[in-house]
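Keep in mind that what you see is a predicted model, and the values were worked out from it rather than measured. Here is how names work: the chains are called A, B, and so on, in the same order as the sequence lines, proteins then strands, and each is numbered from 1.
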Amino acid sequence: MAEQQAATVQLTLADGSVRAFPAGVTPRQVAQETGMPVDELVCATWDGELIDLDRPLETDGRLGWVDAASDQGLEVIRHSTAHLMAQAIKRLYPEAQLAIGPPVENGFYYDIDLERRLTPEDLEKLEEEMRRIVAEDLPIRREVVATDEARRLFQELGESYKLEILAEIDDPTVSLYRQGEFVDLCRGPHVVSTGRLGAFKLLNVAGAYWRGDAQNKQLQRLYGTAFPTQEGLEAYLQLLEEAERRDHRRLGRELGLFSLMEEAPGFPFFHPKGMVIRNELEALWRQEHIRRGYQEIRTPILLSQELWLRSGHWDHYRENMYFTQIDERPFAVKPMNCPGHILLYREGVKSYRDLPLRFCELGLVHRHELSGVLHGLLRVRAFTQDDAHLFVRPDQIQEEVEGVLELMDRIYSLFGFSYQLELSTRPENSIGTDEMWEQATGALRQALERQGRQYRVNEGDGAFYGPKIDFHLRDSLGRTWQCGTIQVDFAMPERFELEYVGPDGNRHRPVMIHRAIYGSLERFIGILIEHYAGAFPLWLAPVQGVVLPVAEAHAPYARQVWERLREAGFRVELDDRDEKLGYRIRQAEVQKVPYMLVVGGREAETGQVTVRRRGEREQVTQSLEELVATWREEVAARR
RNA sequence: GCUGGCGUAGCUCAGCCGGUAGAGCGGCGCACUCGUAAUGCGCAGGUCGUCGGUUCAAGUCCGACCGCCAGCUCCA
């Protein structure tokens, strides 16, 4: 009797029902018997843990399903594809040693140690080999072996990186995965056979250090991506192409917005058209800040080195700073605006009635970033922060943080960005007491929670002087960018002995809230270029309209139209070049000008313009005054 | 910063095994005077990133430097 009991297991299925199965039954068999679409399943969960579909079940438990459409399923597919690639690598280059091969955000990679430098053509050959292995439809089998045995195996195979990994494993057993002649040390789970894979593409090769440490040997990292379906893969590859088409470095050049030159690496030049965008962003920013009681200031770019010693930047930020000398006195180029704002705060005695005091500045800061990380406008060495420092009483923190959250919503929504929030806590190399950090972190958390906001916690990623809330914008391609930030700081007021006189006549210490919305004007502009693919809304467009006379005879009227629109305050160009109308329309389209205004004999007679919108074929003929009214409304609404 | 790749006309790119530089687009000129995404013809434009080396000869080979691109965070 006892034997019979041991021979069955009670499984709680996804629908909540409990059924008995013979011990050693596999999830795949259960799926078949319960009518699950087995082909759509990637693996299973066993009491919450991911397992293979062919894992024998020996005890009672809760069985769940993971299909290809789920995030977990996708990860498993990618992980299995990484193994598939590794097998192909070993077939083509038996001398290659395998390091690690995990799934990552948009695919997977495998780090390998191989003398030969792999080229894109090699990737194609690898892909072909992978397809062969898929066609072979090799079962992928999990095997549990003693750790010592695994050591012997990888010793024999000459896989020294696997041995290094094994050396750190204390468990008595480890799991291996075998598919055909290939075996890898792996926790799993994996799909049941190589035939289940197929929608993949190898993307590129890059260098990566073993264990991410520059002291270690540099390996070749092969990146690829994989999806449950060919359509999913193609959609992703299209997204990559679209992202390339929108690359702000390319559009910035094509649309004449900005330049980066060898003479000033990491220090962008703005062209007249790029400046228009900048100025419009600044105008919006000022409007929204003044409305909310901020006061704009401007502080110097060079400040005495002593100030940076006192602020803690010397100790915590020196490697990122530029230094110079003036009359033999050491100065630093500011990497942040806060010390300057603090100096202004300290001018004169502050009363509790002055608080909250909201200083804002479009402050140009310089930071020495590693040469290898520079990237267009998105990672530069000089940039303009739309910075503000709120000097507040401790009891005002929450309300002020909530005010900033509201301002962020206002500005981001104008551009159609949604965002995610991240709360970053105390990093290792930081100033201030534990108590201060707890208080500051608590204040941020409270503001978030009171507003019912969703947020993620990022342990140890705060600024050296305080915790922060970061805003990760989601753009029109679904990519995320870190822009806004709110940081609560008890440390700087302490260091600089900031004070205000309270209602009790005593001196009290204010709290500082650092915050930025765009983050950096340069970066934000780069993001906007990609977000809009260069097709800016009317209020931001460097050129809002082009007047196009049909033929030379219409040039005088076109000039009148052009002048009238410029008088009305719009950025309009006149294209009366001796070219066909179709050609000039194409030019305006390529330059992504929002409005094309065609004028010929008909329009000249009636005092009208024929309006063609960017990207549209239909057009309307309307009076100039009607057009001005529409534009005014469109610009005012920043649509 | 590190590793790998790349650097030729304003832009995109060709240029074999070393023999002295080419196209398209753009620009300029001329013709056409044109009604909605590229009219035709012609002309100009390059110390081949910089410096040094090898060679009778270097865009091409070697070295250094500068810049750009990708990656360097994801831990069986």
In the structure I gave you, are the side-chain heavy atoms of A:L126 and A:L202 within less than 4.5 Å of one another anywhere? yes
Mark up nucleotides 68-76 of chain B, 5' to 3', with B wherever a protein heavy atom is under 4.0 angstrom from a base atom, S wherever such an atom reaches only the sugar-phosphate, and - elsewhere. SSSBBSBBB
What's the base orientation of B:rC41: syn (chi within 90° of 0) or anti? anti
Can you check the distance between B:rG7 and B:rG63, where both ends of the measurement are the P atom (answer in whole Å)? 16 Å
Heavy-atom pair with the smallest gap, counting every atom of A:H368 and A:Y322: CA-OH, 3.4 Å
Of the listed nucleotides B:rU33, B:rU12, B:rG1, the one nearest the side chain of A:R253: B:rU12
Would you find more than 12 non-hydrogen atoms of other residues, nucleotides or ligands less than 6.0 Å from A:E616 atom CD? yes
Under 4.0 Å between any heavy atoms, over every strand shown, what does A:E263 touch: base, sugar-phosphate, or nothing? Just pick one. nothing
Applying the 3.5 Å cut-off to both distances, the Watson-Crick or G-U partner of B:rG26 turns out to be none
Just how far, in rounded Å, is P of B:rA37 from CG of A:D575? 15 Å
Nearest-nucleotide check on RNA chain B, A:A553 vs A:R586; residue mapping nearer the 5' end is A:A553
Spacing of A:L255 atom CG relative to B:rC11 atom P, expressed in whole Å: 15 Å
Is B:rG1 paired to anything, Watson-Crick or G-U wobble with both distances less than 3.5 Å, and if yes, which nucleotide? B:rC72
Find the partner of B:rA31: check Watson-Crick (N1-N3 plus N6-O4 or O6-N4) and G-U wobble (N1-O2, O6-N3) distances, both under 3.5 Å, and reply none if neither fits. B:rU39
Assuming nearest nucleotide by heavy-atom distance, tell me which of A:A551 and A:E254 is located more 5' along RNA chain B. A:E254
Quote, to the nearest angstrom, the C1' distance that separates B:rU54 from B:rG15. 23 Å
Could you check whether A:Q619 gets within reach of a base, just the sugar-phosphate, or nothing at all, counting any heavy atom under 4.0 Å? base
How is A:R602 classified with respect to the nucleic acid when contacts are heavy atoms under 4.0 Å: base, sugar-phosphate, or nothing? base
Rounded to the Å, how far apart are A:K592 NZ and B:rA37 C1'? 12 Å
Any strand counts, and the cut-off is 3.5 Å on both contacts for Watson-Crick or G-U wobble. Which nucleotide pairs with B:rC61? B:rG53
What does A:R577 touch in the nucleic acid at a heavy-atom separation under 4.0 angstrom: a base, only the sugar-phosphate, or nothing? sugar-phosphate
Look at the side chain of A:E603 against the base of B:rG35 and say whether a donor-acceptor pair falls under 3.5 Å; ignore hydrogens and angles. yes
Short N-O contact, A:R612 and A:E618, less than 4.0 angstrom: no
Partner nucleotide of B:rU20 by Watson-Crick or wobble geometry (both distances under 3.5 Å): none
Stepwise ring-ring contact (aromatic ring centres under 6.0 Å, His included) test for A:F269 and A:F258: CA-CA 5 Å; A:F269 289 67; A:F258 69 92; over 10 Å; no
I'd like to compare against my own output: the B/S/- annotation of nucleotides 39-48 of chain B with a strict under-4.0 Å heavy-atom distance to protein. B---------
Could you label the plane-to-plane angle of the A:H190 and A:Y177 rings as parallel, tilted or perpendicular, counting under 30° as parallel and over 60° as perpendicular? perpendicular
Would you please confirm or rule out a distance under 4.0 Å between OP1 or OP2 of B:rU36 and any side-chain N or O of A:R617? no
May I ask you to decide if the ring planes of A:H248 and A:H375 are parallel, tilted or perpendicular, using 30° and 60° as cut-offs? tilted
So which nucleotide does B:rA14 pair with, by the Watson-Crick or G-U wobble rule with both distances under 3.5 Å? none
For B:rA37, does OP1 or OP2 lie under 4.0 Å from any side-chain N or O of A:R612? yes
Under the ring-ring contact (aromatic ring centres under 6.0 Å, His included) criterion, do A:W631 and A:Y595 qualify, and how do the steps go? CA-CA 10 Å; A:W631 278 16; A:Y595 286 94; 5.1 Å; yes
Partner of B:rG67 by Watson-Crick or G-U wobble geometry, both contacts under 3.5 Å, or none? B:rC6
Base-pairing assignment for B:rU47 (Watson-Crick or G-U wobble, both under 3.5 Å): none
If I take atom CD in residue A:E616 and atom P in nucleotide B:rU36, what distance separates them, rounded to the nearest angstrom? 18 Å
Can you tell me how far apart CZ (A:R152) and CG (A:L163) are? Round to the nearest 0.5 Å. 12.0 Å
Would you please test A:W314 and A:F323 for ring-ring contact (aromatic ring centres under 6.0 Å, His included) and show each step? CA-CA 11 Å; A:W314 177 264; A:F323 295 93; 5.4 Å; yes
Atom-to-atom span, CG of A:L257 to C1' of B:rG10 - whole angstrom: 16 Å
Under the rule for side chain to side chain donor-acceptor pair (under 3.5 Å), what residues qualify as partners of A:Q97, not counting sequence neighbours? A:S160
